[in-house]
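In what follows, chains carry the letters A, B, and so on, assigned in the order in which the sequence lines appear, proteins first and then strands, with residues in each chain numbered from 1.
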Number of protein chains: 2
Amino acid sequence: MANGALLFQSIGYPLELWTPHLSRLRPDLDIRTEENPGRADQIHYCIAWKPKPGSLAALPALKVVFSMGAGVDAIVADATYPRHVPLSRVVDPTLSQSMTEYVVMSVLYWHRRMHDLQSLQRLRKWRQIASPRAENVRVGILGFGALGQAAATALQALNYRLSGWSQTPKQAQGVTTFHGREGLEPFLNQADILVCLLPLTPGTRGILDARLFASLPPGACVINAARGGHLVEDDLIRALDSGHLRGATLDVFATEPLPETNPLWVHPKVVVTPHSAAATDPAAFMAHVARTIARVDQGLPPENLVDFARGY
Amino acid sequence: MANGALLFQSIGYPLELWTPHLSRLRPDLDIRTEENPGRADQIHYCIAWKPKPGSLAALPALKVVFSMGAGVDAIVADATYPRHVPLSRVVDPTLSQSMTEYVVMSVLYWHRRMHDLQSLQRLRKWRQIASPRAENVRVGILGFGALGQAAATALQALNYRLSGWSQTPKQAQGVTTFHGREGLEPFLNQADILVCLLPLTPGTRGILDARLFASLPPGACVINAARGGHLVEDDLIRALDSGHLRGATLDVFATEPLPETNPLWVHPKVVVTPHSAAATDPAAFMAHVARTIARVDQGLPPENLVDFARGY
């Protein structure tokens, strides 16, 4: 057939929520699953999330791999990944909108002392707690890519004072930007609420550690909506217990689901959510897949490609 | 003296947080307190919040009364209020900003299922809960004045579908507006999250009752940041217990502080905050007072006047 087959390799995802969106757009496409992959040399496209190491290298006719998430660390971590095959990352406005909601909600939650007010409610205590004006609250976005910039725009509309840190220099209206290793310390020194939206790479693994927390102003809050691998959990607990940090909202963890015995579940200064900040929207994702396949059919390069040297 | 005295009649407010802002702007002004009011016929201006009934009528030379809050119900409720004296209400961008934060935080909280996620955290249960896209969540602002319109603008930026209800017709870009008694039912029928920001008047007292809740779609959430007098507490509890309503965030109560024995404190579907959604900013309020006194000195009418016929 003219078009090769597509392998949907994302075990554990309910197929029926995903493939119909693609079939509708490309009824001609032969969509296969891991249970029935057929001949490997017929597979031109693969949708992956946490592929078994070596499984992509075993597909000799691959033209593009699609990552189901904005974070591609689980795919890039496979040392056998065939580097000549472009890896396309979903850039989905609904995902970015959903992440923005989560970040705005969490920033307001710590800024407006909701955590303390809810503790007071459990004690049936009526006590007002002053919060500073948003324009005096400095929110630092650690990882100032597509998701970070979208969140910054929404937070600016609420008058927060924004800064962003990224590996490479970035510009954004009204946002103080920092970059690179030498920019990290001054960035952290002025972040009352730190929002981690970094890609997980060897360079960012474990970045949320004791040293980083010590660089934040006293009473700072931390929101991690990126990857569990960014956070050294014991260091966070120590920084909270010492009183240096005021609170943390965590959506991602080294081990997911978070084990019942993990102390973060019951820490009085921690909000735990089950990796639910932002999910890839099946319809939007499959529209991206169909659009990219059409480009490749026309001999054009796919979009939103991962740079393997950077790891994202 | 050329200017009459000003009486700061708001017992219980820490004077030192308020009067210096006015003294700085008007060093010539004779500012008096209830402890030392001096001669009543020298008092031209009065700052009030919950005046003792009759206390304003006892000031024969009053030119303007200033309400310390956006809600003037406690002043208007005094039947002896001298109606020929203009009552000026604070319209303060910091108050409106603060209310917007509270409303956005509470809408996100119910939309993004934070209440359920926090219950799951207490059980150490990892379970994702889907939430609709913001563009499919209909937020209805009951009371579409200055505060309601500011909140609507911020919610629109997050893609929520907005509607507003007010006593008199109002227009706002991208907001479906309803008004008057006949507009209430169709407005309620389409409000997944209802935000009450009404002024408290005889016509709106007890408006949040069983009948109103029944008109909301099943699973609706209610946020009351207006006045406790709007809410029939028992009706709310019944609507929550029946499962018709999913949750409520309440900042205001019939009796404040909320008594320890009030069942709202411990209701599993209710978030209680201690009348802290939005506080008048002393500096901004006193700037408004100084500006208004200067206008009156020049023979101009004061601004932001309360219409006693409407009650707000």
K.L.:
Given that the side chain runs from C-beta out, which part of B:His275 has a heavy atom under 4.5 Å from chain A: side chain, backbone, both or neither?
P.N.:
both
K.L.:
Taking all non-hydrogen atoms of both residues into account, name the closest pair between B:Ala70 and B:Val90 and its distance.
P.N.:
N-CG1, 3.9 Å
K.L.:
In sequence, state the C-alpha distance, the side-chain angles, and the governing distance for B:Lys269 and B:Leu245, and then conclude on side-chain contact (heavy atoms from CB on, under 4.5 Å).
P.N.:
CA-CA 9 Å; B:Lys269 296 180 177 178; B:Leu245 295 184; over 6 Å; no
K.L.:
With chain A, which of B:Arg112, B:Met105, B:Gln128 has the greatest number of heavy-atom pairs at distances under 4.5 Å?
P.N.:
B:Arg112
K.L.:
Does any backbone or side-chain atom of B:Thr273 lie under 4.5 Å from a heavy atom of chain A? Answer side chain, backbone, both or neither.
P.N.:
both
K.L.:
Hey, which of A:Arg113, A:Arg122, A:Met114 has the most heavy atom pairs under 4.5 Å with chain B?
P.N.:
A:Met114
K.L.:
So does B:Arg238 pair up with B:Asp241, basic N to acidic O under 4.0 Å?
P.N.:
no
K.L.:
Roughly how far, to the nearest 0.5 Å, is CD1 of A:Ile75 from CE of A:Met68?
P.N.:
10.0 Å
K.L.:
Look at B:Val107, B:Asp281, B:Val272, B:Leu117 and state which one has the largest set of heavy-atom pairs under 4.5 Å with chain A.
P.N.:
B:Val272
K.L.:
B:Glu256, B:Gln121, B:Lys125, B:Gln97: which one forms the most heavy-atom pairs within less than 4.5 Å of chain A?
P.N.:
B:Gln121
K.L.:
Shortest non-hydrogen contact from B:Ala278 to B:Ser98?
P.N.:
CA-OG, 3.5 Å
K.L.:
Hey, what do you get for CG (B:Asp251) to OG (B:Ser276), rounding to the nearest 0.5 Å?
P.N.:
5.0 Å
K.L.:
What's the shortest heavy-atom distance between B:Glu233 and B:Ala254, and which atoms?
P.N.:
OE2-N, 3.7 Å
K.L.:
Pull out the residues in residues 143-164 of chain B that come under 4.5 Å of chain A, heavy atom to heavy atom, sorted by number.
P.N.:
B:Ala154, B:Leu158, B:Asn159
K.L.:
Applying side-chain contact (heavy atoms from CB on, under 4.5 Å), can you list everything that pairs with B:Glu135, at least two apart in sequence or on another chain?
P.N.:
B:Arg133
K.L.:
At a heavy-atom separation under 4.5 Å, does B:Gln118 approach chain A through its side chain, its backbone, both, or neither?
P.N.:
side chain
K.L.:
For B:Arg127, is it the side chain, the backbone, both or neither that has a heavy atom under 4.5 Å from a heavy atom of chain A?
P.N.:
backbone
K.L.:
Quick one: list whatever passes side-chain contact (heavy atoms from CB on, under 4.5 Å) with B:Ala226, sequence neighbours left out.
P.N.:
B:Cys196, B:Asn224, B:His230
K.L.:
List the steps, then state whether side-chain contact (heavy atoms from CB on, under 4.5 Å) holds for B:Thr176 with B:Arg138.
P.N.:
CA-CA 10 Å; B:Thr176 311; B:Arg138 299 165 299 176; over 6 Å; no
K.L.:
CG of B:Leu194 to CH2 of B:Trp110: how many Å apart, nearest 0.5 Å?
P.N.:
13.5 Å
K.L.:
Can you name the nearest heavy-atom pair linking B:Thr249 to B:Tyr102, along with the distance?
P.N.:
CG2-OH, 3.2 Å
K.L.:
Report, in residue-number order, which members of residues 260-268 of chain B are under 4.5 Å from chain A by heavy-atom distance.
P.N.:
B:Glu260, B:Leu264, B:Trp265, B:Val266
K.L.:
For B:Thr280 and B:Phe285, work out which heavy atoms get closest and say how close.
P.N.:
CG2-CB, 3.5 Å
K.L.:
Within this structure, what is the CZ-SG distance for the pair A:Arg246 and A:Cys221, rounded to the nearest 0.5 Å?
P.N.:
4.0 Å
K.L.:
For B:Ala279, is it the side chain, the backbone, both, or neither that has a heavy atom closer than 4.5 Å to a heavy atom of chain A?
P.N.:
neither
K.L.:
Which answer fits B:Thr100, side chain, backbone, both or neither, if we ask what part of it has an atom under 4.5 Å from a heavy atom of chain A?
P.N.:
side chain
